[in-house]
**Student:** 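Okay, here's the structure, questions in a sec.
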Amino acid sequence: MKLVLRNITKRFGSLVANDSISLEVSPGEVHCLLGENGAGKSTLMNVLYGLYQADEGEIVLDGEVQHFLGPGDAMAAGIGMVHQHFMLIPVFTVAENVMLGNESTGFAGTLDLDAARGRVREISERFGFHVDPDALVEELPVGVQQRVEIIKALSRDAQVLVFDEPTAVLTPQETDELMEIMRQLKEAGKAIVFITHKLREVREVADRITVIRLGKVVGEAEPTASNAELASLMVGRPVELVVHKDEPRLGDDALVVKDLHVRDALGHVHLDGISFTIRAGEVLCVAGVQGNGQTELTEAILGLQEHVEGSVTLDGRQLVGRSVRQVLDAGVGFIPEDRQADGLVGGFSIAENLMLNRSFRSPFVRGGSLRVDALEEFAERKLEEYDVRAPDIHTRASKLSGGNQQKVVVARELSRDLRLLVAAQPTRGVDVGSIEFIHKQVIATRDSGIPVLVVSTELDEVVALADRIMVLYRGQVVGIVPGATPRETLGLMMTGERPKDVVA
Amino acid sequence: MSGTGETPGTVAERPRPPEPEGPSRSHSVLREIASGNALAGVLAVVLAVAVGSLMIAVTDERVRETASYVFARPSDFLGATWDAIWGAYTALLRGSVYNDRVDDFATRIRPLTETLKFAGPLIAAGLGVGLAFRAGLFNIGGRGQMLLAGAAAGWVAANLGLPTALHLPLAVLAGMLAGALWAGIAGVLKARTGAHEVIVTIMLNYVGFYLVFFMLSRQGLLQAPGSGNPKSAPAQETAILPRILGERFNLHLGFVLALVAVAVVWWLLSRSTLGYRIRAVGENPSAARASGIDVGRTYVVVMLIAGALVGLAGANQVLGTVTSGVTVDLDAGIGFDAITVALLGRSRPLGILGAGLLFGAFKAGGFAMQASEGIPVDIVLVVQSLIVLFIAAPPLVRAIFRLPAKEAK
Amino acid sequence: MSTTGLSPAPVPTAGPTIDTVPVVSRKTPIIFGVLTLALVLILLLEGQSGETTFRLAARTDFATLPELTVPSMGGAWALAVACALLTAESVRRYAGRRRTAAWVLVAFAVAWMAGFLTWAAAGETVPVVGLLAGSIALAVPLVFGALGGVLGERAGVVNIAIDGQLLLGAFAAALVGSLTGSPWAGLVAAMVAGALVAVVLGLFAITYFVDQVIVGVVLNVLVIGLTSFLFSQVLAPNAASLNTPPRFPRIPIPVLGDIPLVGPVFFRQTAVVYLLYIAVALVSYALYRTRWGLRVRAVGEHPKAADTVGIKVNRTRYRTILLAGAIAGMGGAFYTLVSVPQFNREMTGGAGYIALAAVIFGKWDPIRATMAALLFGFASNLQGVLAVLGSPVPSQFMLMLPYVITIFAVAGLVGRSRPPAADGVPYQKE
């Protein structure tokens, strides 16, 4: 089935998310849609999938113009979607998830689960997925959940398959397997749209590449194009892919983590005896696929985790067992991985957000009441210093773009006397300009003699910032290696393999 | 592209109990409450009063009689309808603001003082509910908190022998303390186990009711000595809130205490660090926690203060409005009215003051309307709840009045 | 939607693996221990004398069970010992990292209750059939309400307005029943009334995204105001024509109704109660075994996922709460068409809130919620029976019981419960 998008325009209020975008995909072809976060890729796919209605333009399948009022229509027309955030119901089984919305039933609407199981087995065998139809989805590993999404689409005879940022949650090895699956689907005559911002993946599977920026198609490229070419198309200017930094001036051991264990309330082990040290003036990056204990590591250091055993000392002072407030007062700066959930109070003004972790004492507090003047003066200064693009300091944080929100968080954390900076996914969902700015701030912090712990699932970021790299896998340290370690080695380590010359 | 929505608010404990919830469903309401405009509020009141009028007209005897020959003599029907509605609302105004049917000025403005008397506890309890709202907590336990507060204040008032300067403050404080402790249960359970405060406070209303009922039925606890009724001994003179406009008016010091409470809560929310933390927890508990704010402790503190405010309303009832002894209906519906007051007042101290005055007028006028026109006072409940419903859904009001929709964000 | 609960590994692995430490709740043994201790303390502190008789038969049984008479203190002590043994068994299982078995739970509950009754009714006769049948009567509206509550919450709509649905249902049943002279017409009117409350709930909660708790609470107040107003203004002055509904007759089911103990309790009831049995069975079957149920649960767990497979989320929610409202409305009809043949202001006495408690205590499952509602009905009837027998327990504490149990339940002291993930969250396409 041949898919053509013609001059699709979608507006949200005054924002034009898609500005007259056109795209063509033929059967047996992988068409990559490449663009930064916020470029409008997901909006376009939601239009294609009937979740949004386009303001202008049309969707054409095999020469027929389509009018999708909802995802049901899109599915019926043969479009299947593998969502970035899986659209699976955790407490349902695989078979129930696959049949949902497309149920085969017996007498009086009784579910025919056997038919659904059969369908799952059949597709699973055809593509070598190894998925048990009776497994509960919430108990499946992420990679397998993604296959359930694919089965879901295939079970409805989808001819056009859309993969929306499918590799964000996968290990390099799982990513390779997914690429293989895409090739198989292509052989089977499916038309595939592959949305991503990762250049390497694009060049590996794409037959055609369309680059979009700020809601517009800015060019097409061949899979043979270089990384630098693709990146500058995507961003609109030459991009500094490397962060300039000098050799670290290392001080004493500052953060010492010994035999750290973290469990959750249900008894799942998230960190299983990890140990490492960061010296003053050093950036240690934690690499690994999401969900291998990185979140828990940063939260354990901050005092946000409940069941922590082992020892974390900062300049000799024990942090385990302290409250979050005590840890912050000990000089720990924290950039949380989800700024909207943990970093900012959306309904508060920029100024109010800037005092979020200093609500107990000076400079913004005197005798139980707020020093509004001091706060506003401080906020004006920081807005300037950190180049936060906002009308004024009273603007609500929720109204800011991702990059500006993150700058507010960074400004707040770096404005205190720090003895340690913990940055989790500091540039997730942030535009390239802000990424460069934030990376410079991280390096400047390091150069002022502060130990920095960066957690990132983006290998590019890890390689750009790290003096040393620690790879986590299933809550354990696979190894701690120099910053200049080749990507291939890191990728292998992220699957839990320990190269022979690496010592844990 | 809202960043909230995703995290479900739930009605029971979650897997990792003491953790703060994600932005819960109450926040969208809070935002709606904060951002709605004054016009929507006025229109909501107009709409609710219109529905109330309709009900009065439809159930009026004469209107129904004239309706049977409406086509023959429509003027009769319209006249009867007008009389019913006009009669009802003038009675309401005469009962709540100004009575033009009596001679001396003092008696004429007496209704206004009655309104203020009714408004006092509504404002105090409304502050209790509204403050909890600002921390993202639903305090539906006003009834239970008032009952416990009334029982405590009533016990001190009836059983201790002290000079007024000590007895009255002690009785008020006892009530506030009891209200605080009863609400505090919900705060502690929320903080320690994640138990949803809506369910806990609702259940505590009933537990409190039966507990106070039990105490009122036992000699040696609260029951008036020698009595067989579930009622306590009357408050002693030394513990009664003094009438502030002289004995001719029922208005007592409770209203002034409510005004003081408004000022205190205003300072707390907009100028204090505790208030800052309360608002941070209410808007985004998870970010508050990551910034070193003890969310659980904030929940407990907020519920204690909220309970004390509701407790003030309870003390106000037994020490000022009905001093003849504590009974299980001492809350007189104020516990639930407080929710509507807080919602109409958008959880802001001055808004709550205004809403409390409006609903106080409804109460005072409602009784007058029942007495003179025979319209059951329950109509006030209907109007009151309709106002809140309309306030909570500005798009509905806009749709009804065909106002332009607000520009999308 | 946190990913932390997921095991983070891909399938083929070569790396280290991690076991999870099994977590077995120690709450059950603790609760057993506390209850046993309480029973022992009662027996020690408030000794009774005489014998306790349990009357197991109703007058109309064809095979009459004999009365059971035991010495009060001896019997109670024997049952206390049984409780202690069952507690020990529970502790033993906990030590072996195993859950307490269901039979232990049931046996403990029966032994404790029997022990308590033996003590409380010393020198008296406990009419067991009357106690149980009365419990059913009190539980019927609760079960209907809880069933409606479960349905709504499974679809993601929190329904605090169950009480309003019961009350308006009772009102409509009385009015229409009186006007038509037919209890069936009254029943249908009650269902319509319940659904009407649901429509308003849906309009505000689903269409206008108003907080569902607020809407629920306010709707209850609205219905109280409305019914009380109409009662004083219309029903009371014309009581003879508008507030004298016909009652449903009691229809004993042949054979089943003659089984000793079970028959008089369950099968000599009115049509409304038989409808209740059918409703419970249908709802629990449909929720787990049909396409409709799968979709309802999907919408309550992850509405966006349901939307992406073409299920109309809000339409599904509307339909579900309408059905739920109609079911709750039937519970209201029970008040005026079975219990008392007339409407009174606020006659539900907050039963809707107990139904809500049953929903939570029953972990959002139709069968469990029904059991919880029956338990609460039993508690309030027990209170009445004990008051008649002149027992030493203050009646207020018995009446408090459902509420206290619910507080313990939501505080996680009685088992762990997990509501539908999207319960109370309006679905809003961005």
Side-chain angles (χ1 to χ4, degrees), chain A residues 49 51-52 70-73 75-76 81 83 85-92 96-97 99-103 105 108-111 130 138-144 152 169-171 173-174 263-270 272 289-293 295-296 473-476 478 495-498, chain C residues 1-25 97 154 282 285-316 364 412 416 418-422 429-430:
Chain A
Y49 199 55
L51 278 168
Y52 300 155
D73 297 346
M75 268 183 310
M81 185 110 151
H83 298 267
H85 304 287
F86 303 146
M87 288 300 152
L88 298 172
I89 290 156
V91 296
F92 282 12
E96 284 175 327
N97 265 294
M99 79 195 302
L100 183 66
N102 187 27
E103 303 88 346
T105 52
T110 310
L111 292 174
H130 309 292
E138 64 183 348
E139 289 170 1
L140 293 175
V142 176
V144 180
K152 216 166 97 178
V169 289
L170 301 183
T171 62
Q173 195 186 354
E174 283 175 315
R263 278 188 301 119
D264 64 21
L266 301 172
H268 295 296
V269 178
H270 290 281
D272 190 19
V289 177
Q290 188 169 4
N292 277 289
T295 309
E296 290 75 15
Y473 178 72
R474 299 193 115 197
Q476 298 186 339
V478 182
T495 66
E497 295 272 5
R498 181 176 303 153
Chain C
M1 262 158 262
S2 83
T3 49
T4 48
L6 301 172
S7 114
V11 195
T13 62
T17 53
I18 295 174
D19 297 322
T20 55
V21 184
V23 180
V24 177
S25 169
R97 291 197 175 283
R154 273 306 179 111
L282 271 185
Y285 178 82
L287 200 55
Y288 295 113
R289 296 291 171 80
T290 66
R291 169 165 65 192
W292 171 81
L294 187 74
R295 292 183 172 195
V296 166
R297 287 183 291 135
V299 157
E301 289 285 345
H302 194 337
K304 187 157 187 197
D307 192 0
T308 59
V309 292
I311 295 171
K312 303 268 187 264
V313 174
N314 287 343
R315 189 186 297 173
T316 308
W364 293 270
R416 188 172 281 283
R418 175 159 121 175
K429 293 193 186 188
E430 10 217 297

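Letters A, B, ... are given to chains in the order of the sequence lines, protein chains preceding strands, and every chain is numbered from 1.
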**Student:** Relative to chain C, which segment of A:His83 carries a heavy atom at a distance below 4.5 Å: side chain, backbone, both, or neither?
**Tutor:** side chain
**Student:** How far apart are the C-alpha atoms of A:Asn102 and C:Val309, what are their side-chain angles, what is the distance that settles it, and do they pass the side chain to side chain contact (heavy atoms under 4.5 Å, CB included) test?
**Tutor:** CA-CA 8 Å; A:Asn102 187 27; C:Val309 292; over 6 Å; no
**Student:** Which distance, rounded to the nearest 0.5 Å, do you find between the CZ of A:Phe92 and the NE2 of C:His302?
**Tutor:** 11.0 Å
**Student:** Do A:Leu111 and C:Tyr288 have side chains that approach each other closer than 4.5 Å (heavy atoms only, starting at C-beta)?
**Tutor:** no
**Student:** Can you tell which of A:Met99, A:Met75, A:Glu96, A:Lys152 has the highest number of heavy-atom pairs within less than 4.5 Å of chain C?
**Tutor:** A:Met75
**Student:** Could you grab the distance from atom OG1 of C:Thr308 to atom NE2 of A:His85, nearest 0.5 Å is fine?
**Tutor:** 13.0 Å
**Student:** Identify the heavy atoms of C:Ala298 and A:Ile89 that sit nearest to each other, and give their distance.
**Tutor:** CB-CD1, 3.3 Å
**Student:** Which atom pair, heavy atoms only, marks the closest approach of A:Pro71 to C:Gly310?
**Tutor:** CB-N, 4.2 Å
**Student:** So what's closer than 4.5 Å to chain C heavy atoms on A:Thr105: side chain, backbone, both or neither?
**Tutor:** side chain
**Student:** Using non-hydrogen atoms and a 4.5 Å limit, figure out which bit of A:Leu100 sits close to chain C: side chain, backbone, both or neither.
**Tutor:** both
**Student:** Given that the side chain runs from C-beta out, which part of C:Leu294 has a heavy atom under 4.5 Å from chain A: side chain, backbone, both or neither?
**Tutor:** both
